[in-house]
Chemist: 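Supplied in structure tokens, the structure appears directly below.
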Amino acid sequence: METAQLLDSPLELLDRRAGEIKLVAERAEALLLGRIEQALPGDPGLAGEIGGSFDHVLVDEYQDTNRLQSSILLALKPDGRGLTVVGDD
């Protein structure tokens with residue numbers, strides 16, 4: 001039983017670390033998206049320049065898109081041309 005406990009301990013440690021890494025990644029993504037959202041209205045040409053550099057933008061799992069992500073997409077492709085979204089019902 002002691003051997004099993006020794007094996008469980010590193011696995012538990014890995015599980016905790018994986019959760020911590022996921023949390024850091026989520027916070028970094030939110031920070032990055034927030035900065036992008038702030039930058040686009042402050043520089044009207046920026047959204048056009050970024051959006052114009054992509055003929056087509058495909059968003060999979062659109063049902064999981066939040067308001068912040070959606071507002072960035074609309075800033076990049078305001079008329080919807082070249083923007084395709086796919087999602088579940």
Side-chain angles (χ1 to χ4, degrees):
M1 188 161 196
E2 290 178 22
T3 304
Q5 289 175 341
L6 290 174
L7 293 176
D8 287 343
S9 180
L11 293 176
E12 291 172 0
L13 178 63
L14 286 173
D15 283 344
R16 275 198 312 275
R17 292 294 183 235
E20 292 169 4
I21 290 169
K22 182 179 178 187
L23 182 61
V24 169
E26 289 170 354
R27 288 179 180 169
E29 178 185 12
L31 179 62
L32 178 61
L33 290 174
R35 289 184 146 199
I36 292 170
E37 184 189 39
Q38 290 174 351
L40 293 179
D43 185 352
L46 180 62
E49 183 179 335
I50 295 171
S53 64
F54 299 98
D55 293 331
H56 303 284
V57 175
L58 172 65
V59 180
D60 192 15
E61 300 293 334
Y62 186 74
Q63 76 278 1
D64 297 329
T65 303
N66 61 36
R67 288 183 189 181
L68 175 60
Q69 294 164 333
S70 182
S71 70
I72 292 170
L73 286 171
L74 289 173
L76 298 178
K77 295 292 184 184
D79 62 2
R81 286 188 208 168
L83 177 61
T84 303
V85 298
V86 180
D88 300 338
D89 290 337

Chemist: Show which residues join L23 in its hydrophobic cluster (side-chain heavy-atom contacts under 4.5 Å, direct or indirect), or state none.
Modeler: none
Chemist: What residues, two or more places apart in sequence or in another chain, satisfy side chain to side chain donor-acceptor pair (under 3.5 Å) together with E26?
Modeler: none
Chemist: Considering residues at least two apart in sequence or located in another chain, which fulfil the side-chain contact (heavy atoms from CB on, under 4.5 Å) criterion with E61?
Modeler: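 Applying side-chain contact (heavy atoms from CB on, under 4.5 Å) to E61 gives Q63, D64, D88.
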Chemist: Sequence neighbours left out, what passes side chain to side chain donor-acceptor pair (under 3.5 Å) with T65? Give chain and number order.
Modeler: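 Result, side chain to side chain donor-acceptor pair (under 3.5 Å) vs T65: none returned.
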Chemist: Could you list the residues that satisfy salt bridge (charged side-chain N to carboxylate O under 4.0 Å, His left out) with E20, not counting sequence neighbours?
Modeler: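 Partners of E20 under the salt bridge (charged side-chain N to carboxylate O under 4.0 Å, His left out) test: R17.
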Chemist: Go through the structure and list residues passing side chain to side chain donor-acceptor pair (under 3.5 Å) with S71, not counting sequence neighbours.
Modeler: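 Counting only residues at least two positions away or on another chain, S71 forms a side chain to side chain donor-acceptor pair (under 3.5 Å) with E37.
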Chemist: Determine which pairs satisfy salt bridge (charged side-chain N to carboxylate O under 4.0 Å, His left out) with at least one residue from residues 77-86, sequence neighbours left out, and list them in order.
Modeler: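 Matches after skipping sequence neighbours: D79-R81.
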Chemist: With ILVMFWY side chains joined below 4.5 Å, transitively, what does L74's cluster contain besides itself?
Modeler: none
Chemist: Report the residues that fulfil side chain to side chain donor-acceptor pair (under 3.5 Å) with D60, sequence neighbours left out, ordered by chain and then residue number.
Modeler: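 So D60 forms no side chain to side chain donor-acceptor pair (under 3.5 Å) with any residue.
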Chemist: Go through the structure and list residues passing side-chain contact (heavy atoms from CB on, under 4.5 Å) with R67, not counting sequence neighbours.
Modeler: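 Listed in chain order: nothing, the list is empty.
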Chemist: Cluster partners of V86, using ILVMFWY side-chain heavy atoms under 4.5 angstrom, listed by chain and number?
Modeler: L58
Chemist: Where do A75 and A47 come nearest, in terms of heavy atoms and distance?
Modeler: O-CB, 3.4 Å
Chemist: Which ILVMFWY residues can you reach from Y62 by hopping between side chains whose heavy atoms are under 4.5 Å apart?
Modeler: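 Its cluster mates, by chain and number, are L32, L33, I36, L40, L46, I50, F54, V57, V59, L68, I72, L73, L76, L83, V85.
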